[in-house]
Amino acid sequence: MTSPLSHHPSLDATELQAIIDASADCIKVLDLDARLLAMNVGGQQTMEITDFSVCHNLLWPTLWDGDARRQVEHALDAARAGQATTFEGATPTFAGTPKWWEVRVSPLYAPDGTVTRLLAVSKDITARKVAEQQLHASQQQLRDHAQTLEVRVGQHERALDAFVRFTTQVASSTELDELATAASDIIRDAVGGAISGFYLVKGDMAYPVVFSSNTPPAVIAARRAGIALSAPLVADALARRGTSFIGGEDGRLQSVGYASALSVTAYHVGDDPYALFATGAQRPDWTASEQAIIESVGKGLGLALERARQTQQLQERTAGLDAFVAFSEASGTTTDILILAREAVDALETTLRVVSVTYHELDGDLWKARVWSKALDPEIVAVLTEGIPVDAPSYAEAISTRAPLFVPGWSADSQGVAKTEEFGAGAFYPCFVGDSPRGLLAMGTQRAGDWTPREEAVFNAVGRSLTLALERAERVAQLAARTAQVTEAARAQAAFVAFTEAVGSEIGVDSLARLATTVVQAQLDHVSVAYYERQGELWIGVVWSDDVSPDVVAQMQRGVPLDAPDFKEAVDSGAAVFSEVWDAQANTLSDATMYGAAAFYPVIIGGEAQSILAVGKLTGQPWTEREQATVRAVGRGLGLVLERTAQARELTAQRDVLEHRTQALMAANEELEAFTYSASHDLRTPIRHVMGFADLAHAALVKNQPEKISRNLDIIKQGATRMEQLIDGMLMLSRAGRQDYQPHMVSLEPLILQAQQDAQLEFPDQTIEVVMPPPVMVWGDATLLQQVMTNLIRNAVKYSGRQEVSAVVVRMDETESEWVITVGDNGVGFDSRYAGKLFGIFQRLHTQDAFPGVGVGLAIVRRIVLKHGGRVFADSVEGQGATFGVALPKPSV
């Protein structure tokens, strides 16, 4: 593209052309008919023209409409006459973007002084024009707001005065009738004789407590029956959780014939309606000032009601605390459950006096009373000790809800508890230890009606204390059992240590087996020991203790079939088998009948039983915990040593494997270098954004265009943030590849639980439900597999975030060669045709706005699983959730 230029003494035409092209103003050269001959590069960008050829020779005035077009024609005529003209007008860019322009049209002269061409320079002044329009609108809004504010200030002053008067008057009161009377008096005085009433909610109705002193008797009589919560004005106030107003004909229809202007203020405790404050006046409608006063006093009454309710709760908690302390002091030194129950019964009787109390324990399908009030009628005691069915309504409800249950209207027939007709109310507290119901505390009173808040608080406190005491007793019992186990384990450990110390550097199988028989005989009394190895379809005895008779030795050397009962059970279970009454004949050792009990420990090497350590007792006494622990300890030690021996024999083969892995590692490093080069290209996009918008910001700064500067800097910041995320993702993937790989058998359950916790921390507002697979062990590195499960579950929660509950299902399938773990969700899913792309670095099938992220989590999963020698896969139907899976190979034997 060329354009006619004037010559400058120090610049050639090329330099002048470069300067003109760099300008953001649209510089156009026209012929005398106003056809476009040339345009600078910067102007083409400003006019959003990608190819100048489409507008070459186009009549420039045709790009303008209306008044702007007339200004263009006038400027062109003046330029043809040798005069330069400037005007402002609006016309869209070539791409249709609306803009304002400052245009100067000048003549271009030939050497002989005649006008041969025209020059039009258009400068984008859209930002200035928009700012001028916005300033005008803001000034008008400010004037309107000032007028409104003057009116509201007067209303708020009167409302604030009413609020202060009310709060001052009830500063120290917590009685409901006093609070309501004070509010009514303030409304009567401040709102021109308006009447009012205070109501408490019970069920679907609100019943009056206090009316203002000026309420007509007819209104009081009409409102004694209460107000239905479904009444339109009441329902609206409840929905607002505040004050609702009504007037005119609607107000007259909802009143009782006195007022047309009505209001109701609703009060709640949590989500439940608690009270109403209603006002009315004999006028068509409320003024704004009156509404402000009613709302202000209503809020003050709400604060006072909350204070009164908290005072009442404090009194109830104090009574409960007294009962809690009394029970705790009485039960602090015992763990006997029935003694604890007796203390609970006595604490309730002493504190509440007019109650009868029982403590029940579950016996099959019956709740049987174990402890009861001493004054309880013997006939009732007989019924309760015989047992109450678990499906008796109140008993069953307390257990199913795992919460205290208060029954205000007790009915012996409907409850299925005979002889209890004299009771007017009942209460039940389920005592759970963990997930098991260990007991049920029951209380009854002969007084008709409901329980008082104080009685409920005391019963809850004692029930909670009894539950804590039962938990403590359970822990003490568990500790005692654990102590006994530790003692036996210590003895077994001594046997294990004795064996390992005797082994030293010995690696001969027969010698190791001989050491095992010696240690077992040294630790146990009156036992014989033998060591069998599998040879074909037989277990052949190869080592035995010196006290084994020659006849038994001969049978051992001939061999025992693999399906001999005790031998087979030990192999199938993979654990020690202890026979209390041993059948020598069934195990094809008919000459070994002198052994009354026998033990068999399978020695597992490489996942298979290679040998068996057998121990026979010359007495018929059962195996003690210490004897069993000793057999297990020595057997385990023998298995470890023999496995070490087998590993030593495989050292040469392992060296070959190591060399192979080294080569694989070198290939992986080459792959990582290639990946790094490829991934770096993804960084160029945010870098281009940063550089490009930095130039635009600089240009806007020169032109003093703050709006453009701010927008461009925001885009620069977004680009830098994106670049940082991409770099972090590359580093995370790189670390996943460099982490040490230390495989062993790993339990999958704790990895899933930790992953669920990590996902909940990242998405605290999302409800997450994870369905766990049955417990299973897999072969792998625990740290790396934790990353796999965390990324898979976090991915499932992220893409199901639009659901009310993120339902995540973890499944485990096992084949002969691998464990297959899948994580399914109820999220948005994806097009399964692109499943293979999801495990690549920075690969995403959803937009950043829909689901933020950089696309590195699944790439980390793939890298770790490949390190384990496994594979990854994914499947989905769009809109129906997705399933991501990994397959981990089983170690070779």
Side-chain angles (χ1 to χ4, degrees), residues 147-167 179-201 204-216 218-220 222-223 226-268 272-306:
Q147 293 174 356
T148 304
L149 190 59
E150 289 182 14
V151 176
R152 291 183 178 177
V153 166
Q155 296 173 352
H156 289 169
E157 285 179 351
R158 290 187 290 274
L160 180 60
D161 178 65
F163 179 84
V164 171
R165 287 173 56 199
F166 172 75
T167 54
L179 299 174
T181 298
S184 298
D185 291 343
I186 298 295
I187 294 296
R188 179 197 62 206
D189 297 339
V191 190
I195 65 174
S196 57
F198 179 71
Y199 300 75
L200 287 179
V201 174
D204 296 331
M205 298 289 292
Y207 297 97
V209 176
V210 171
F211 291 101
S212 62
S213 59
N214 62 332
T215 303
V219 174
I220 295 176
R223 289 304 190 195
I227 303 175
L229 300 189
S230 59
L233 182 59
V234 175
D236 186 63
L238 290 171
R240 292 173 178 268
R241 298 178 72 93
T243 304
S244 291
F245 297 92
I246 196 172
E249 183 64 16
D250 289 338
R252 188 188 64 79
L253 292 175
Q254 294 191 47
S255 72
V256 291
Y258 173 80
S260 292
L262 303 176
S263 76
V264 171
T265 302
Y267 303 99
H268 289 72
D272 299 323
Y274 169 62
L276 304 176
F277 184 64
T279 60
Q282 289 183 314
R283 60 184 66 125
D285 212 337
W286 301 106
T287 67
S289 178
E290 290 171 337
Q291 290 186 16
I293 292 172
I294 292 171
E295 286 187 321
S296 178
V297 175
K299 289 178 181 178
L301 178 58
L303 295 174
L305 292 175
E306 177 62 21

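Note that these values count all heavy atoms, side chains included, but never hydrogens, waters or copies made by symmetry.
By the salt bridge (Lys or Arg N to Asp or Glu O under 4.0 Å) test, R188 is found to be paired with D185, residues two or more places apart in sequence or in another chain being considered. Residues forming a salt bridge (Lys or Arg N to Asp or Glu O under 4.0 Å) with D285 (at least two apart in sequence, or on another chain): none. In this structure R241 satisfies the side-chain hydrogen bond (donor to acceptor under 3.5 Å, both in side chains) test with no other residue, sequence neighbours excluded. Looking at residues two or more places apart in sequence or on another chain, you find a side-chain contact (heavy atoms from CB on, under 4.5 Å) between A222 and V256. Among residues two or more places apart in sequence or in another chain, the side-chain hydrogen bond (donor to acceptor under 3.5 Å, both in side chains) test is passed with T215 by S212.
Distance check, rounded to the nearest 0.5 Å: CD1 of I187 to CD of E290 gives 10.0 Å. Remark: S230 OG to M205 CE distance equals 8.0 Å, nearest 0.5 Å. Note that CZ of F245 is 9.5 Å distant from CG of L233, once rounded to the nearest 0.5 Å. The distance from atom CG of L301 to atom CD1 of I186, rounded to the nearest 0.5 Å, is 11.5 Å.
P216 and Y258 make their closest contact through CG-CE1, 3.6 Å (heavy atoms, listed as atom of the first residue, atom of the second, distance). Taking each heavy atom of A206 and L276 in turn, the nearest pair found is CB-CD1, 3.6 Å.
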Tabulate below the donor-acceptor pairs under 3.5 Å that side-chain atoms of residues 261-268 make, not counting sequence neighbours, or state none.
unit_1	atom_1	unit_2	atom_2	d
S263	OG	T279	OG1	2.2
T265	OG1	T243	OG1	2.8
Y267	OH	G298	O	2.8

Enumerate, atom names and distances included, each donor-acceptor pair closer than 3.5 Å involving a side-chain atom of residues 192-200, sequence neighbours excluded.
unit_1	atom_1	unit_2	atom_2	d
S196	OG	S184	OG	2.9

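Of the possible donor and acceptor atoms, one in the side chain of S244 sits under 3.5 Å from a partner among the backbone N and O of A237.
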